[in-house]
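Notes for the one structure printed next.
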Number of protein chains: 2
Amino acid sequence: MARQADAANGERRTTIRDVAALAGVSPSAVTIALHDRPGVSAATRERILAAARELGWRPNLAASSLAGRRVHTVGLAIARPARLLGLEPFYMEFISGIESVLKRRSCSLLLRLVETDDEVEVHREWWQGGRVNGSILVDLRRDDPRIPALSGIGLPAVVVGHPSLAGPFTSVWTDDAAAVEEAVRYLAALGHRRVARVSGPAELGHSAIRTAAFTAVAGELGLDARTVVADFSADQGGRACRRLLLETPRPTAIVFDNDVMAVAALGVAAEFGLSVPADLSLLAWDDSQLCQLTRPTLSAMRHDVFSFGAQAAETLFAVIEGAPADSQLAHVPSLIPRGSTAPPAN
Amino acid sequence: MARQADAANGERRTTIRDVAALAGVSPSAVTIALHDRPGVSAATRERILAAARELGWRPNLAASSLAGRRVHTVGLAIARPARLLGLEPFYMEFISGIESVLKRRSCSLLLRLVETDDEVEVHREWWQGGRVNGSILVDLRRDDPRIPALSGIGLPAVVVGHPSLAGPFTSVWTDDAAAVEEAVRYLAALGHRRVARVSGPAELGHSAIRTAAFTAVAGELGLDARTVVADFSADQGGRACRRLLLETPRPTAIVFDNDVMAVAALGVAAEFGLSVPADLSLLAWDDSQLCQLTRPTLSAMRHDVFSFGAQAAETLFAVIEGAPADSQLAHVPSLIPRGSTAPPAN
DNA sequence: GGTCGGCACTGGAGCGTTCCAGCACGGCGC
DNA sequence: GCGCCGTGCTGGAACGCTCCAGTGCCGACC
């Protein structure tokens with residue numbers, strides 16, 4: 001304890017050499033003992049660890065990373081306005097899932113909010129700067145510039161999105177097309193003939209996939225279907241919903257690409273004097289607490305976002321460790337019928 | 001481009017020496033140019049930067065940190081079960097606020113979920129390992145062991161909580177006592193005589209402060225007041241509420257220490273056949289989207305969590321840069337009356 | 001008794017950057 | 001003409017750890 005205080009007193013930080021001296025060995029022996037590798041006797045190992053404890057020494061990660069060891073860090077850059085991020089339950093759950101895996105391995109997450117165009121640069125800095133062992137890439141766009149740029153520099157990464165978007169990277173994905181199909185078939189079974197969808201930004205890969213599936217399945221079932229684009233915010237979601245409800249004939253069911261927009265739509269329906277679900281059915285995506293708190297409760301495509309994050313992290317570790325990891329299909333979202341979907345009034 | 005590919009091909013990573021060679025100068029000159037310091041001519045500087053661009057070189061942060069420069073990273077460790085974290089809007093908003101500041105300075109956030117007892121160790125590792133320039137400490141407990149341990153090793157940090165909890169650290173805090181007083185006076189003004197409160201864990205510093213203020217103000221106003229302890233989860237919040245409602249006479253108004261518990265209480269009130277706010281008034285804390293989505297909407301103590309996070313980050317930078325930063329009072333939470341508070345039925 | 005193998009440990013180079021002392025050179029003042 | 005200063009740049013040590021090629025020693029085997 002006294003020694004630690006000394007060190008803090010600006011004298012000089014404790015290094016591996018101090019530990020080695022105290023234990024009466026060379027720095028190399030300390031390294032060996034520290035990483036629990038064969039090469040020192042049990043007695044020496046214990047002596048070294050005791051010395052390290054006594055001095056309160058922690059290896060300097062910058063140095064050890066320079067000398068070639070893992071840094072125990074993975075990176076995540078998110079391209080969303082900071083203000084908006086707090087409102088979206090998705091990311092916090094996703095991050096929580098990632099953390100649940102990192103925690104077990106004593107790893108940390110390096111997080112950064114970026115503008116879309118800066119993301120490549122951030123990952124380059126992190127990777128070439130030796131700050132992360134790998135990254136998780138989210139919100140894949142079509143022909144995403146991150147794919148060629150980052151595979152070009154050899155960054156180990158996992159893509160969260162459909163394999164077709166992932167280029168040479170391993171991906172972890174949910175089968176959006178199948179989920180959309182389930183949603184549409186469900187609404188059709190309830191008797192809806194005019195269905196609409198409010199999607200996330202068109203340039204996102206999964207928006208495109210869902211849109212294509214939505215159109216295809218609706219076509220197959222002979223439904224009237226259309227998609228309007230929004231940006232996941234309550235504001236734009238509400239606006240999109242309003243636009244749809246002004247059309248004649250108006251849709252009797254609307255599917256949303258996240259939960260926040262669906263919640264906003266509840267308010268818009270009230271504005272129009274429409275009762276949910278009698279006059280209008282609403283179906284949310286990314287089921288979170290929100291969907292159970294509203295009145296009526298929102299039917300949703302449930303997706304275990306926490307596990308999704310955890311799976312992405314697990315897969316990233318496999319990639320980092322050089323396992324030839326195949327792309328993984330996470331749970332297919334499944335429909336949870338609640339109070340916002342019903343047969344259309346006739 | 002070709003060169004970058006070469007580098008990725010496992011040849012050897014590009015270093016400052018490659019850049020120096022290409023520009024026809026020494027590595028020292030590259031450092032000078034890179035950090036925009038006086039010591040090279042404008043022409044040379046441009047030549048060097050061009051060479052760096054051409055080779056796609058980024059300085060290795062491990063090396064530069066070893067050699068004594070800032071690492072552009074701040075740390076945040078959160079002691080909550082991963083599963084629970086996703087449900088709490090507070091942290092994501094707080095982190096978003098932090099990030100909004102970090103972003104402007106091209107800094108990253110190092111995040112880790114921990115068990116309560118591991119947190120000191122994590123910060124030690126980060127600080128002594130040269131991975132962060134400073135940390136933000138949240139969820140301060142009474143006599144928090146982090147305070148002596150981390151001030152002892154010289155970690156630059158900002159405490160989020162009342163200055164009395166912060167020891168030698170600078171703190172950023174909200175005046176919980178004043179806010180509690182406002183809440184209680186408001187309920188008293190509505191005519192409530194029996195009020196209760198569901199608090200967060202008793203060992204948290206701000207719980208204790210709020211409890212003391214709650215008791216004091218209620219005493220001063222001659223109200224019947226009591227506090228029961230929960231843990232911020234919907235589950236325990238609901239349970240605590242149930243316990244309160246079983247007492248006779250039962251309280252006519254309940255204040256909650258976060259929003260999630262207040263939302264859970266809405267359900268419990270329905271169980272008991274009590275109508276909100278006619279039979280029971282509910283007042284939430286940490287106003288988030290949740291409070292506006294329920295029916296009735298929840299009255300809440302609004303607290304701009306995003307700005308709070310931003311302010312904590314700003315203050316941390318001041319501390320890191322050696323400014324003698326004083327503790328800062330963030331916005332005092334203010335009461336937003338919505339649909340869940342009203343005079344008690346008589 | 002000599003050789004060989006294996007174990008426990010050491011010494012020193014190397015990782016990529018920064019920082020500091022120092023050098024060369026040109027201009028200016030006296 | 002000499003000293004002096006300032007500008008623009010270089011060389012090399014230092015940061016703290018790891019890894020690799022030893023070294024010394026002991027026991028086993030022929």
Side-chain angles (χ1 to χ4, degrees), chain A residues 7 10-49 51-52 55-72 124-131 133, chain B residues 7 10-49 51-52 55-72 124-131 133:
Chain A
E11 313 272 309
R12 197 179 54 75
R13 26 182 182 175
T14 27
T15 76
I16 199 171
R17 254 182 283 271
D18 302 318
V19 175
L22 181 59
V25 294
S26 75
S28 318
V30 178
T31 303
I32 294 171
L34 183 69
H35 300 301
D36 220 20
R37 270 181 306 206
V40 291
S41 67
T44 309
R45 184 187 309 276
E46 197 31 63
R47 199 153 33 88
I48 291 171
L49 296 180
L55 297 179
W57 173 74
R58 305 287 180 293
N60 180 308
L61 220 108
S64 96
S65 136
L66 234 200
R69 287 190 68 84
R70 291 268 163 80
V71 287
H72 293 289
R124 290 186 70 114
E125 249 179 36
W126 283 352
W127 172 240
Q128 301 187 334
R131 312 195 55 192
N133 291 322
Chain B
E11 313 273 308
R12 195 177 57 76
R13 28 181 181 174
T14 29
T15 76
I16 199 172
R17 255 182 280 272
D18 302 319
V19 175
L22 182 59
V25 294
S26 74
S28 318
V30 177
T31 302
I32 294 170
L34 183 68
H35 301 301
D36 219 20
R37 268 182 307 210
V40 291
S41 68
T44 309
R45 184 186 310 275
E46 196 34 61
R47 199 152 33 86
I48 291 171
L49 296 180
L55 297 179
W57 172 76
R58 305 286 179 294
N60 180 309
L61 221 107
S64 100
S65 137
L66 232 201
R69 286 188 70 84
R70 290 269 162 79
V71 288
H72 293 289
R124 290 186 70 113
E125 250 179 36
W126 282 352
W127 172 241
Q128 301 188 335
R131 313 196 55 191
N133 290 323

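Values reported hereafter were calculated over all heavy atoms of this structure, with side chains retained and with hydrogens, waters and symmetry mates removed. Note on naming: letters A, B, ... go to the chains in the order of the sequence lines (proteins, then strands), and numbering restarts at 1 for each one.
- Counting any heavy atom pair closer than 4.0 Å across all strands shown, A:Gly68 reaches no nucleic acid atom.
- Taking a heavy-atom distance under 4.0 Å as the criterion, the stretch of DNA chain D touched by chain B extends 5' to 3' from D:dG8 to D:dG16.
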Name each donor-acceptor pair under 3.5 Å that joins a side chain in residues 30-37 of chain A to protein atoms two or more places apart or in another chain, with its distance.
from    : atom 1 : to      : atom 2 : distance (Å)
A:Thr31 : OG1    : A:Pro27 : O      : 3.4
A:Asp36 : OD1    : A:Arg45 : NH1    : 3.3

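- Rounded to a whole Å, the CZ atom of A:Arg45 is 13 Å from the C1' atom of C:dC7.
- The distance between atom CG of B:Leu61 and atom P of C:dC15, rounded to the nearest whole Å, is 19 Å.
- Within the 4.5 Å cutoff, the side chain of A:Asn60 has heavy atoms near those of the A:Arg13 side chain.
- No donor-acceptor distance shorter than 3.5 angstrom exists from the side chain of B:Arg124 to the backbone of A:Trp57, with no hydrogens or angles considered.
- With rounding to the nearest 0.5 Å, the separation of CD in B:Glu125 from CZ in A:Arg58 is 7.0 Å.
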Report the C-alpha separation of A:Asp18 and A:Leu22 in whole Å, then their side-chain angles, then the decisive distance to 0.1 Å, and conclude whether the side-chain contact (heavy atoms from CB on, under 4.5 Å) test is met. CA-CA 6 Å; A:Asp18 302 318; A:Leu22 181 59; over 6 Å; no
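- Taking atom CZ of A:Arg131 as the reference point, atom P of C:dG16 lies 17 Å away to the nearest angstrom.
- Atom CG of B:Leu55 is separated from atom P of C:dG16 by 14 Å (rounded to the nearest Å).
- The distance from atom CG of B:Asn133 to atom CZ of B:Arg70, rounded to the nearest 0.5 Å, is 5.5 Å.
- Separation of atoms CD1 (A:Ile48) and OG (A:Ser26) is listed at 8.0 Å; rounding is to 0.5 Å.
- Within 4.0 Å (heavy atoms only), A:Thr44 reaches sugar-phosphate atoms of the nucleic acid but no base atom.
- Sorted by residue number, the members of residues 23-37 of chain A with any non-hydrogen atom under 4.0 Å from DNA chain D read A:Ser28, A:Thr31, A:His35, A:Arg37.
- Listed pair B:Arg13 / C:dG16 meets the phosphate criterion, a side-chain N or O lying under 4.0 Å from OP1 or OP2.
- Straight-line distance from the CD atom of A:Glu46 to the C1' atom of C:dA8: 17 Å, rounded to whole Å.
- From A:Ser65, atom OG reaches atom CZ of B:Arg131 across 8.5 Å, with rounding to the nearest 0.5 Å.
- Taking CG from A:Leu55 and CD1 from A:Ile16, the interatomic distance works out to 12.0 Å, rounded to the nearest 0.5 Å.
- When rounded to the nearest whole Å, the span between CG of A:Leu66 and C1' of C:dT17 equals 8 Å.
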